[in-house]
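All figures in this text were calculated on a predicted structure; none of them were measured in a lab. Position 1 is the first residue of the sequence, and the numbers go up from there.
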Amino acid sequence: MRIIFVLCEGPHDVAFLSRLLSADGYVKYRQPLSKFPEPLDKWMTKISKDLSIEDLSLDRMYDDIKAVLPSNAILNEEKKHLILLYSMNGDSHEKRRDKVISALRTWSRPPADDKEFSFMEESSEAGNNYGLIVLFDADDKGVDSRISEAKAKLCECFPMAESISSNGDVIYTDENIKIGIYIFADPVTKMGTLENILLPIMRQDNEQMFDDAQTFLDKHHDETRLKSLIFKKTPEGMCEKRDKRHKFHPVKSLMGVVGQLQNSGTSNTVCIEKADYITLEKIKNSCICQDILQMFNKL
């Protein structure tokens, strides 16, 4: 079994990759943690026990658990690939990302003693080998700059990462682990986010629907309403107050509007993974989608 750790910025990345990989024969891996292949079963069980849920606040519990355990696990039985997709809740959570990367580096070495957990010792019996992919949005930094940043971070644990030369490149480390980097960006400007890839795919064959949704957004968007309305108690009684301003993401809002036509009351994550705006035929005909799938095939 090849076990591949995929570190994504957020849930939209996880949903998009799940959609792409399902078009390549992957299915959701539904086993409980204790039934994952050795030695993942022991490692994930240990993580779940170490979470100290009683110390987490309810409003942070879901995000904190998702950051240390995979958001999704998908399996291709024919290729014997098990992919663990992590949502790191934004590119700023470096400690969580570093924890997985450094752990993988530790596992590739012989254990210091019989108490230290190591993939190396047990993998020889299970026959497993490993891969690691990190994904980021280019944002306004550009693809090349983002690749350089990702390489610098990977090099702290895997010096061979310096030989990664381009977007989607996959190389072997000295520890015989395959690692790669992919940056989501507009194919022309080399900047932007996952949405710059998603929107053209979703709009295709649905242009009128998206145009009408855009008209709705243009008509009703109001910058003054981007601040959350909260209730606050004062000496004079209860009052309304506007909280911190939220950033308006036009493309995400557009996807949210059209998403409600098929998945009422759900998030953009569900729309990306389940709605018919991303079809098998579109995935087959998209150069970007095929490039991403090719990267996984190299693993």
Side-chain angles (χ1 to χ4, degrees), residues 4-21 60 62-74 83-104 131-158 161 164 166-170 179-187 189-202 246-256 259 267-273 278 288-289 291-293 295-296 299:
I4 302 165
F5 297 81
V6 183
L7 309 185
C8 304
E9 286 194 47
H12 292 175
D13 304 17
V14 171
F16 179 56
L17 291 176
S18 298
R19 185 72 161 178
L20 289 191
L21 290 163
R60 291 298 308 169
Y62 179 82
D63 287 341
D64 287 348
I65 291 174
K66 283 288 187 179
V68 294
L69 290 173
S71 298
N72 199 2
I74 51 179
I83 296 179
L84 308 178
L85 296 160
Y86 287 79
S87 174
M88 290 293 162
N89 300 316
D91 68 346
S92 61
H93 291 79
E94 292 186 2
K95 289 183 179 180
R96 293 169 178 169
R97 187 176 291 103
D98 292 349
K99 185 175 182 179
V100 177
I101 295 172
S102 61
L104 190 56
L132 170 69
I133 292 178
V134 293
L135 300 103
F136 293 97
D137 288 330
D139 295 322
D140 57 358
K141 296 181 179 180
V143 170
D144 291 341
S145 177
R146 275 295 204 181
I147 290 176
S148 296
E149 288 180 4
K151 284 167 58 173
K153 182 57 66 175
L154 284 172
C155 280
E156 294 176 7
C157 291
F158 301 107
I164 294 176
S166 60
N167 204 18
D169 198 10
V170 173
I179 61 174
I181 297 170
Y182 195 86
I183 310 298
F184 294 122
D186 182 284
T189 66
K190 304 299 181 184
M191 294 190 287
T193 65
L194 170 65
E195 282 72 27
N196 293 97
I197 296 173
L198 278 174
L199 185 58
I201 294 173
M202 297 176 71
H246 298 283
K247 185 176 180 180
F248 182 67
H249 297 274
V251 176
K252 291 181 180 180
S253 292
L254 179 60
M255 290 167 53
S267 66
N268 284 4
T269 302
V270 176
C271 175
I272 293 168
E273 191 169 0
I278 305 174
I288 295 177
C289 290
D291 284 345
I292 295 172
L293 288 176
M295 176 182 62
F296 278 92
L299 293 163

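A pairwise comparison of heavy atoms in S71 and V14 identifies CB-CG1, 4.2 Å as the closest pair. Scanning all heavy atoms of the two residues, the minimum distance from P200 to I197 falls at CD-O, 3.4 Å. Taking every heavy atom of both residues into account, S166 and I147 meet most closely at C-CD1, 4.0 Å. A138 and M191 get closest at one heavy-atom pair: CB-CA, 3.9 Å. When all heavy atoms of C271 and G259 are compared, the closest pair comes out as SG-CA, 3.6 Å. What you find for V170 and L299 is that their closest heavy atoms are CG1-CD2, 3.8 Å.
Looking at heavy atoms from C-beta onward, R146 lies out of side-chain contact with I181 at the 4.5 angstrom threshold. Looking only at side-chain heavy atoms (C-beta outward), E9 and L135 stay at 4.5 Å or farther from each other. For the pair I288/I201, no side-chain contact is recorded, criterion being any heavy-atom separation below 4.5 Å from C-beta on.
C155 SG to I179 CD1: the interatomic distance, rounded to the nearest 0.5 Å, is 7.5 Å. Taken from CG in L154 to CZ in R97, the straight-line distance is 10.0 Å, to the nearest 0.5 Å. Expressed to the nearest 0.5 Å, how far CZ of F136 lies from NZ of K141 amounts to 9.0 Å. With rounding to the nearest 0.5 Å, the separation of CD1 in I183 from CG in L194 is 12.0 Å. Of the inter-residue distances, the one linking Y86 atom OH with C8 atom SG reads 11.0 Å to the nearest 0.5 angstrom. To the nearest 0.5 Å, the span separating CG on L198 from CG on L254 amounts to 11.5 Å.
Here the side chain of K190 pairs no donor or acceptor atom with the backbone of D144 at under 3.5 angstrom.
Partner N167 forms a side-chain contact (heavy atoms from CB on, under 4.5 Å) with one of V143, D291, I292 and no other, that one being V143.
Judged as a side chain to side chain donor-acceptor pair (under 3.5 Å), and not counting sequence neighbours, the contacts of D169 are S165. Judged as a ring-ring contact (aromatic ring centres under 6.0 Å, His included), and not counting sequence neighbours, F16 has no contacts. Residues forming a side chain to side chain donor-acceptor pair (under 3.5 Å) with S18 (at least two apart in sequence, or on another chain): N72. With sequence neighbours excluded, the residues satisfying side chain to side chain contact (heavy atoms under 4.5 Å, CB included) with K252 are H12, E195, H249, N268. Contacts of K153 classified as salt bridge (charged side-chain N to carboxylate O under 4.0 Å, His left out), with partners at least two apart in sequence or in another chain: E94, D98, E156. Under the ring-ring contact (aromatic ring centres under 6.0 Å, His included) criterion, Y182 pairs with F184, not counting sequence neighbours.
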L84/I4 under side-chain contact (heavy atoms from CB on, under 4.5 Å): CA gap, chis, key distance, verdict
CA-CA 6 Å; L84 308 178; I4 302 165; over 6 Å; no
